[in-house]
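Here is the structure we will look at, set down as structure tokens.
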2 protein chains.
Amino acid sequence: MESQDLRNVGLKVTLPRLKVLEILETTKQRHMSAEDVYKALLEMGEEIGLATVYRVLTQFQGAGLVSRLSIDDGHAVFELEDGTHHDHLLCVRCHQIEEFIDEVIEQRQRAIALEKGFEMTDHSLYIYGICQKCRQDKD
Amino acid sequence: MESQDLRNVGLKVTLPRLKVLEILETTKQRHMSAEDVYKALLEMGEEIGLATVYRVLTQFQGAGLVSRLSIDDGHAVFELEDGTHHDHLLCVRCHQIEEFIDEVIEQRQRAIALEKGFEMTDHSLYIYGICQKCRQDKD
DNA sequence: ATATAAATGAAAACCTTTCTCATTTACACC
DNA sequence: GGTGTAAATGAGAAAGGTTTTCATTTATAT
């Protein structure tokens, strides 16, 4: 019952919102750009505007339904929020994204913010590299 | 003798390059966007094109003279390379940037890349928050 | 049912960054 | 010290992702 998910966060239940949510939930690829979502919807035969996809994703982010990753190349991808904070490894060849959690790093970050007098609002850690599969393919 | 710095990295010594280098070295603000550098040069009375500033900064980055930070909002700033790897704290109110080094985090990152089979090429860590000064000003 | 505020789609606008191309410049060589 | 040649520059156009505008459509409260 996805409609309720939307109502819970104070968003009107509209077809575009339901469809975007559906794509995010059913696509195997966990990390999708707005363009990815848009194309997936077109392929489903849904009529939707790219601007709407951007708007909906931004609203979802504001509502805590998704989080937005800002990749180094000035590109954003979205992932369904699952409540766990995690960081990311990005393959610079195939652009696959893996996730990891490291409590030691989390702790150090909090300590550093404290040390520097910062009230931490957010943090982001990206490790860029060549993933195992790409290294095997042609090293 | 900045001309030598340029020759050392295999770049022709041109006025625009010398001027960009001069701005980076003499401006108090350590982290500057291409636009910042461009405006600073115009204010100095230098005639330079914005495209040239971008090109020069990118070349400097390739030559290891500067590093580029990609801020979350799809904005890049440059800093003179000083040989030390460090990460950044960014104030979301005043946009001031502070630097820190944490060997524990560096180590964990290497360990995680290894665990995941990644050959790490780069990594970036940003802590976003409200800096001490901004917290005092109006909390 | 209906009124009303919110949401949508298409296209234009935006913003930072890169590219194109004609002109200028630095540097190696004479 | 001139001079040829490849590289660098500047202006403006183009690119690419994202946001805005505005007329139209839709969801929801009454």
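Lettering of chains follows the sequences in order, A, B, ..., and the numbering in each one begins at 1.
- With side-chain heavy atoms closer than 4.5 Å counting as contact, directly or through intermediates, the hydrophobic cluster containing B:Met120 also holds A:Leu89, A:Phe100, A:Ile105, A:Ile112, A:Phe118, A:Met120, A:Leu125, A:Ile127, B:Leu89, B:Phe100, B:Ile105, B:Ile112, B:Phe118, B:Leu125, B:Ile127.
- Distance NZ (B:Lys19) to P (C:dT25): 15 Å, rounded to an integer number of Å.
- By the criterion of side-chain heavy atoms lying less than 4.5 angstrom apart, applied directly or through intervening Ile, Leu, Val, Met, Phe, Trp or Tyr residues, A:Leu114 is not grouped with B:Val92; the two fall into different hydrophobic clusters.
- With sequence neighbours excluded, no residue forms a side-chain hydrogen bond (donor to acceptor under 3.5 Å, both in side chains) with B:Lys116.
- Overall, the helix from C:dA1-D:dT30 to C:dC30-D:dG1 carries an axis bend of 30° between its ends, with five pairs at each end and the value rounded to 10°.
- Applying the salt bridge (charged side-chain N to carboxylate O under 4.0 Å, His left out) test to residues at least two apart or on different chains, the pairs with a partner in residues 103-112 of chain B are A:Asp102-B:Arg108, B:Glu103-B:Arg110.
- The side-chain hydrogen bond (donor to acceptor under 3.5 Å, both in side chains) check on B:Ser70 picks up A:Asp72, with sequence neighbours excluded.
- Remark: the A:Gln107 side chain and the A:Gln109 side chain contain no N/O donor-acceptor pair separated by less than 3.5 Å.
- Near DNA chain C, meaning a heavy atom under 4.0 Å from it, residues 20-49 of chain A has A:Glu47, A:Ile48, A:Gly49 in order of number.
- Rounded to whole Å, the distance from CG on A:Leu57 to C1' on C:dT8 is 15 Å.
- A sub-4.0 Å separation between OP1 or OP2 of C:dT18 and a side-chain N or O of B:Tyr54 is absent.
- Through direct or indirect side-chain contacts shorter than 4.5 Å among Ile, Leu, Val, Met, Phe, Trp and Tyr, B:Val104 is connected to A:Val104.
- Sorted pairs that involve residues 55-79 of chain B and meet ring pair (Phe, Tyr, Trp, His ring centres under 6.0 Å), not counting sequence neighbours, are lacking altogether.
- For the ring pair (Phe, Tyr, Trp, His ring centres under 6.0 Å) test, residues two or more places apart in sequence or in another chain that qualify with B:His123 are B:His85.
- Each salt bridge (charged side-chain N to carboxylate O under 4.0 Å, His left out) pair with one or both residues in residues 77-87 of chain B, not counting sequence neighbours, appears once here: B:Arg30-B:Glu79, B:Arg30-B:Asp82.
- When each of A:Leu50 and B:Val53 is assigned the nucleotide of DNA chain D with its nearest heavy atom, B:Val53 is the one assigned upstream, toward the 5' end.
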Every protein N/O within reach of nucleotides 3-8 of chain D N/O, cut-off under 3.5 Å:
unit_1, atom_1, unit_2, atom_2, d
D:dA7, O4', B:Lys12, NZ, 3.3
D:dA8, OP1, B:Arg17, NH1, 3.4
D:dA8, OP1, B:Arg17, NH2, 3.0

Enumerate, atom names and distances included, each donor-acceptor pair closer than 3.5 Å involving a side-chain atom of residues 42-54 of chain A, sequence neighbours excluded.
unit_1, atom_1, unit_2, atom_2, d
A:Thr52, OG1, A:Arg55, NH2, 3.4

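- Protein atom CG of A:Leu15 is 7 Å distant from nucleotide atom P of D:dA27, rounded to whole Å.
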